[in-house]
Q: 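Before we start, here is the structure in question, set down as structure tokens.
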Amino acid sequence: MKNLLCKELRLATPLLTFLFLGFTAMTFIPGYPILCGAFFVCFGIFQSYQNGRTDNDILYTVLLPVKKSHVVKAKYAAAAAVELTAFCLFAVFTCVRMLWLSDSGVYKTNVLMGANPVFLAFVLLIFTAFNVVFIGGFFKTAYNFGKPFIAFLVMSFLLIGLGETLHHLPGLGWLNELGLDHAGRQLPVLLAAAVVYAAATAASCRTAQNRFEKIDL
Amino acid sequence: MKVLSVTDLSKTYPGFRLQKVSFAVEAGTVMGFIGRNGAGKTTTLKAIMNMVHTTEGRISFFGLDMKENEGAIKQRIGYAGGAVDYYKKKPISKLLAVTKTFYDHWDDAVCSRYMKLFSLDENKTPSELSEGMKVKLSLVIALSHGAELLILDEPTSGLDPVSREELLEIFRHLKARGVSILFSTHIISDLDKCADAITYIRDGQVVYTGSVDGFTRGEGLEDAMICREKEAFCEKLAL
């Protein structure tokens, strides 16, 4: 598995995927739907699937001395590696914006989603959508990625819309509060999203492995 | 001892059926897998390599079931499905560097020897190679990890006559070292020079599997196959 993950990062993942991690810095943009940063990180991973199809990556990997099911597992692991790196960056930037820059005028008057644990929870939900809708959809054929990507696109913008809307509803203003005063209510939301991310990604991986076994290459 | 045993392999596509394909490759022998275009040679080889999902049948290598021991079996076999058709824009050196990390018995010296023998430059990318050279690169990868069995799909097509003759010489050399080879081809004359056994497939069914002599019945290999194909064609025509 370690070899496969190294192969994913050395051969299948283009530089662009890593460069797109820079979009995590969108966390600092005031008056902007900062969840778009998570979408761009996924878009970076999508580039590796585009390159992979051009390079016949799946065929190459299947010919290596590995189980066919591990080919799928490695794809999920590579995506998770990029997503968790992005999540760490999002978390660092969120801490800076939430704890040290929270008194800054541009963030105080911000009507859009602020950077706090709930924002990080939505980041994980967008990553979950990518793993389940896009990667899971890709492994229906191990070739076509157009429809799965459009489905993910719609799903991610619905999630962004939901994130930007919820805190405007009566009684849910705490979802967008900065500082540590509301951490007691915000951190369980993040924890729940982490559980959803882990469980849904693992379930999607298992389904994709079963589908991939039946695909003719 | 059987290094590969295929039993009742079946696969149904719209318009084509692979029907209960069965044959076995003995250790230290070269088996030619022959048949005309579209007979089911590539599908069979891909099914053997678990690249095609079969509806029924059993495949075992070295007495081990393929489905349960896929990773371990692939360590001991080499597969080349024609020309290298992946990572065509990456330098060959990088491709080899990544590939070798997967094999327990990859031998850099053997790899360099075959690279030199085939006049392959590792600084080039596969896209810069001719089709024949891509086939050779594919063979280098298959030969560099001490495989006990080589499965080669049309390895000689695309090669010039001199390279083909060199490749057949390599087959003879490998066979002398105890390596078994299963290779499909429609260039029947290649088999005259090195095959011990033949499996002949027609319309998705194995028509003959056994010794070369049993297949040719005193004729040349190519004549024997053409004769059988002609008989089958005439039968269809009469219907």
Side-chain angles (χ1 to χ4, degrees), chain A residues 1-18 47-75 77-78 81 138-145 206-217, chain B residues 11-14 16 18 42-43 45-47 49-55 61 66-91 94-106 125-127 134 138 141-142 145-147 151 153:
Chain A
M1 204 47 208
K2 188 183 143 206
N3 284 343
L4 270 175
L5 191 56
C6 286
K7 175 243 127 197
E8 286 298 324
L9 299 176
R10 283 180 72 183
L11 271 183
T13 312
L15 181 63
L16 205 61
T17 303
F18 300 110
Q47 299 293 328
S48 72
Y49 281 78
Q50 276 195 311
N51 281 23
R53 191 166 79 172
T54 310
D55 289 332
N56 254 337
D57 170 67
I58 294 285
L59 176 71
Y60 166 74
T61 315
V62 163
L63 292 177
L64 293 169
V66 293
K67 282 179 79 171
K68 206 172 166 185
S69 60
H70 286 180
V71 176
V72 178
K73 209 171 169 183
K75 285 281 173 200
F138 170 75
F139 277 109
K140 281 180 184 170
T141 58
Y143 185 79
N144 293 329
F145 52 60
R206 270 195 301 277
T207 308
Q209 283 176 319
N210 291 336
R211 281 176 179 158
F212 190 56
E213 284 292 340
K214 292 176 184 123
I215 289 173
D216 296 335
L217 298 166
Chain B
K11 169 79 185 172
T12 306
Y13 287 111
F16 178 75
L18 207 60
T42 298
T43 304
L45 295 187
K46 281 187 166 181
M49 291 302 295
N50 200 20
M51 291 159 74
V52 164
H53 180 72
T54 52
T55 38
F61 288 89
M66 178 60 164
K67 291 227 160 89
E68 286 159 22
N69 304 279
E70 192 176 352
I73 286 170
K74 284 178 177 174
Q75 287 282 354
R76 297 171 67 182
I77 61 175
Y79 172 82
V84 163
D85 195 26
Y86 42 76
Y87 287 108
K88 287 187 256 186
K89 294 287 179 187
K90 298 272 185 201
K94 190 169 184 179
L95 201 54
L96 293 176
V98 172
T99 304
K100 77 177 188 181
T101 62
F102 287 87
Y103 290 99
D104 299 337
H105 301 290
W106 183 276
T125 64
S127 66
K134 280 185 206 164
S138 174
I141 294 170
H145 63 273
I151 297 175
D153 190 9

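Note on naming: letters A, B, ... go to the chains in the order of the sequence lines (proteins, then strands), and numbering restarts at 1 for each one.
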Q: Could you give the distance from CG (A/L64) to OG1 (B/T101), rounded to the nearest 0.5 Å?
A: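 Nearest 0.5 Å value for the CG-OG1 distance: 8.0 Å.
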Q: Counting heavy-atom pairs closer than 4.5 Å to chain A, which one of B/Y103, B/Y87, B/Y79 comes out on top?
A: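 Of the options given, most contacts go to B/Y87.
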Q: With a 6.0 Å cut-off (strictly less than), is the heavy-atom count around NZ of A/K68, excluding the residue itself, greater than 12?
A: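 Buried by this count: over 12 neighbours within 6.0 Å.
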Q: Between A/N51 and chain B, with a heavy-atom cut-off of 4.5 Å, which part of the residue counts as in contact: side chain, backbone, both or neither?
A: neither
Q: Side chain, backbone, both or neither: which part of A/L4 has a non-hydrogen atom closer than 4.5 Å to chain B?
A: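 Both parts, heavy atoms under 4.5 Å.
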Q: NZ/A/K7 to CG/B/L95 distance, rounded to the nearest 0.5 angstrom?
A: 10.5 Å
Q: I'd like to know which of B/A97, B/G81, B/A72, B/G71 tops the heavy-atom pair count under 4.5 Å against chain A.
A: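 Result: the option with the highest number of such pairs is B/G71.
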Q: Identify the heavy atoms of A/V62 and B/M51 that sit nearest to each other, and give their distance.
A: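 Looking at all heavy atoms of both residues, the shortest contact is CG1-CG, 3.7 Å.
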Q: For the interface with chain A, which of B/K74, B/K89, B/K67 has the highest count of heavy-atom pairs at distances below 4.5 Å?
A: B/K74
Q: So, taking the atom named NZ in B/K90 and the one named CG in A/L11, what distance separates them when rounded to the nearest 0.5 Å?
A: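 The NZ atom of B/K90 sits 6.0 Å away from the CG atom of A/L11.
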Q: Might you confirm whether atom OH of A/Y143 has over 12 heavy atoms from other residues, nucleotides or ligands at distances under 6.0 Å?
A: no
Q: How long is the straight-line distance from NZ of A/K67 back to CD of B/E68, given to the nearest 0.5 Å?
A: 9.0 Å
Q: Looking at A/T54, A/D55, A/L59, A/D57, which makes the most heavy-atom pairs under 4.5 Å with chain B?
A: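 Winner by heavy-atom pair count: A/D55.
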Q: At a 4.5 Å cut-off on heavy atoms, which part of B/T99 comes close to chain A: side chain, backbone, both, or neither?
A: both
Q: Please check this pair: side chain of B/E70 against backbone of A/P65, looking for a donor-acceptor N/O pair closer than 3.5 Å.
A: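 Not at all, since once roles are kept as given, no pair shorter than 3.5 Å links the two residues.
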Q: Rounded to the nearest 0.5 Å, how far does CD of A/E213 lie from NE2 of B/H53?
A: 8.5 Å
Q: In terms of heavy-atom pairs under 4.5 Å with chain B, which of A/N3, A/L63, A/N56, A/I58 leads?
A: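 Winner by heavy-atom pair count: A/N3.
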Q: Does a side-chain heavy-atom distance below 4.5 Å link A/Y60 with B/D85?
A: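 No, side chains not in contact.
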Q: Are the charged groups of A/D216 and B/K11 less than 4.0 angstrom apart, N to O?
A: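 Counted as a salt bridge, because a side-chain N and a carboxylate O are separated by less than 4.0 Å.
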